[in-house]
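Worksheet: the structure to be examined is printed underneath.
Convention: sequence-line order gives letters A, B, ...; per-chain numbering from 1.
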Number of protein chains: 2
Amino acid sequence: MVKQPIADPTGDGDRDDTTETKILDAAHAVFLRVGTAGARMQEIADEAGVNKALLHYYFRSKERLAAAVFERVARGLFARLGMVAMSDIDLETKVRRIIAAYLDEFVRTPYAPGYVICEMNQNPDRAQQLLSMVGAPVSDTVPAVPFLGALAKQIDERVAAGQMRPIAPRQFLANLVSLCVFPFAARPMLSVVFRMDDAGFREFIEERKAVLPEFFLNALRP
Amino acid sequence: MVKQPIADPTGDGDRDDTTETKILDAAHAVFLRVGTAGARMQEIADEAGVNKALLHYYFRSKERLAAAVFERVARGLFARLGMVAMSDIDLETKVRRIIAAYLDEFVRTPYAPGYVICEMNQNPDRAQQLLSMVGAPVSDTVPAVPFLGALAKQIDERVAAGQMRPIAPRQFLANLVSLCVFPFAARPMLSVVFRMDDAGFREFIEERKAVLPEFFLNALRP
DNA sequence: GTCTATATTAGGATAGAC
DNA sequence: GTCTATCCTAATATAGAC
């Protein structure tokens, strides 16, 4: 396993070098590399350049530290999707922007998709945590996840106007996200099957930036 | 975490109740539930109904046991895909069959996709292991993974005949697999976002069986 | 706030009886 | 082959000096 420290995991340029931040950044890097269960507190302390006892001083336990990292990563994952999906632009442009945003983001943070999938599959508490993040449902008609409603409306409009084949909004979104996220989550597998090294994978993703928008939009032509 | 013992993990109906098989089945169930790093040998022994020392008698170490389970799961994942992809039928039928086969398979073994993704992301040895399973490349022109070549030939033919939009074979396959596998790997996440319980997810997948073939084939219409 | 030193348990692995 | 008992390291967590 090649070490790959993350200088700015959130990618938002917050560079306050408090000890707490250093620890959280280090935990971020380590948890994403080897998974929560596989990570060692000592390894995180080393990566942060601080003493192991400090991790407990700031976060009390490994579990709390893990929760903090998960929160940050999950928020990052949904933030862009939400912003684009809620913006006031036509559906086709949204699709193009979501694809571009995700592919670009994961080139910078390649471990994030796999990490979130692993974490959510292996730790039941994470589902609850994610639920509290995306918010409880407002009512029976207003879905909890706000951008789902915005998307559904636009899809229904285009379908009604005969500009798009009918598709359930959740299938629409599932397809879009699958196509963007899966190759990153399954990168080690794809690298074996397609014989790609790091450069080869980057090339594969570049290729994909052109392929995906046409593929997806074409799929819904009437 | 709800326990969900797997009666016949491989789904091939091999029911020889040797102790070794019982242990492997138990390890299979536990590793897929909580991940390799998160699993405890004691937990596996309990699930198998045998003494912890027996695990070491048959498999020497946790790592070897983990490798055995990974081998079995990965083989199962590629077996169906390979069989269908190499069969002597037209491309459109292949696509339909691959989708149907995967969705049906994962309804029976819901943890498999997430497990393989986690395992391959968190343990570098697995890439090597998978590589030795799918085989080394035969030559520069013959790809290692045999069904890739078969698919590529059919794609090129259809593209040349003007029956399909041009697409790189690896992008074709990546799209197909992404659409089938991702929703299972990301099931806990989708369940939160789309507010689905177990029954709801089954319904979502049923819906998907109809959506995916049309979506995919339509995407490649000229 | 940050360190050193230590407590305490967990968990993989083995020895040896049967 | 299967069990009981035990070893021993690794790993989380805390106490207490500075």
**Request:** Search all heavy atoms of B:G114 against all heavy atoms of A:N121 and return the closest pair with its distance.
**Result:**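 Residues B:G114 and A:N121, closest heavy atoms: CA-ND2, 4.2 Å.
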**Shortest non-hydrogen separation from B:A39 to B:V30 and the atoms involved** =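 Reported closest heavy-atom pair: CB-CG1, 3.8 Å.
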**Request:** Quick one: label A:A39 by what it contacts on the DNA or RNA (base, sugar-phosphate, nothing), any heavy atom closer than 4.0 Å.
**Result:**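 The answer is sugar-phosphate, as A:A39 gets under 4.0 Å only of primed atoms, P, OP1 or OP2.
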**Prompt:** When we call it a touch if two heavy atoms are under 4.0 Å apart, what does B:A45 touch: a base, just sugar-phosphate, or nothing?
**Reply:**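 B:A45: no heavy atom of the nucleic acid under 4.0 Å.
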**Prompt:** Is there a residue in residues 56-65 of chain B whose heavy atoms reach under 4.0 Å of DNA chain D, and which residues are they?
**Reply:**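 DNA chain D contact set from residues 56-65 of chain B: B:Y57, B:Y58.
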**Request:** Return no unless some side-chain N or O of B:R40 is found under 4.0 Å from OP1 or OP2 of C:dG12.
**Result:**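 Checking B:R40 against C:dG12: at least one side-chain N or O falls below 4.0 Å of OP1 or OP2.
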**Message:** I'd like to know whether the aromatic ring centres of A:Y102 and A:F184 sit less than 6.0 Å apart in this structure.
**Reply:**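 They do not qualify: ring centres at least 6.0 Å apart.
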**Prompt:** Does the separation of the ring centres of A:Y111 and A:F31 fall below 6.0 angstrom?
**Reply:**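 No, the ring of A:Y111 stays outside the 6.0 Å limit from the ring of A:F31, centre to centre.
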Grab the [atom1]-[atom2] distance between [X] and [N] for me, whole Å please.
{"X": "A:D46", "N": "C:dC3", "atom1": "CG", "atom2": "P", "answer": "12 Å"}
{"X": "B:L55", "N": "C:dG11", "atom1": "CG", "atom2": "P", "answer": "14 Å"}
{"X": "B:D17", "N": "D:dG1", "atom1": "CG", "atom2": "P", "answer": "15 Å"}
{"X": "B:K22", "N": "D:dC3", "atom1": "NZ", "atom2": "P", "answer": "8 Å"}
{"X": "B:N51", "N": "D:dA5", "atom1": "CG", "atom2": "P", "answer": "10 Å"}
{"X": "A:M41", "N": "C:dA10", "atom1": "CE", "atom2": "C1'", "answer": "16 Å"}
{"X": "A:L54", "N": "C:dT4", "atom1": "CG", "atom2": "P", "answer": "10 Å"}

**Asked** With respect to the side chain of B:K52, which nucleotide from C:dG12, D:dT4, D:dT2 is positioned closest?
**Response**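 The nucleotide sitting nearest to the side chain is C:dG12.
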**Asked** Are B:R33 and B:E43 close enough, and set up right, to give a salt bridge (charged side-chain N to carboxylate O under 4.0 Å, His left out), and what steps lead you there?
**Response** CA-CA 11 Å; B:R33 242 178 4 231; B:E43 196 181 348; 3.8 Å; yes
**Request:** Say whether, by atom type as modelled, one donor and one acceptor occur between the side chain of A:R208 and the main chain of A:L179 under 3.5 angstrom.
**Result:**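 Checking the backbone N and O of A:L179 against the side chain of A:R208, a donor-acceptor pair under 3.5 Å is found.
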**Asked** Looking only at side chains, do A:N175 and A:Q171 share a donor and an acceptor under 3.5 Å apart?
**Response**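 Side chains of A:N175 and A:Q171: no pair found under 3.5 Å.
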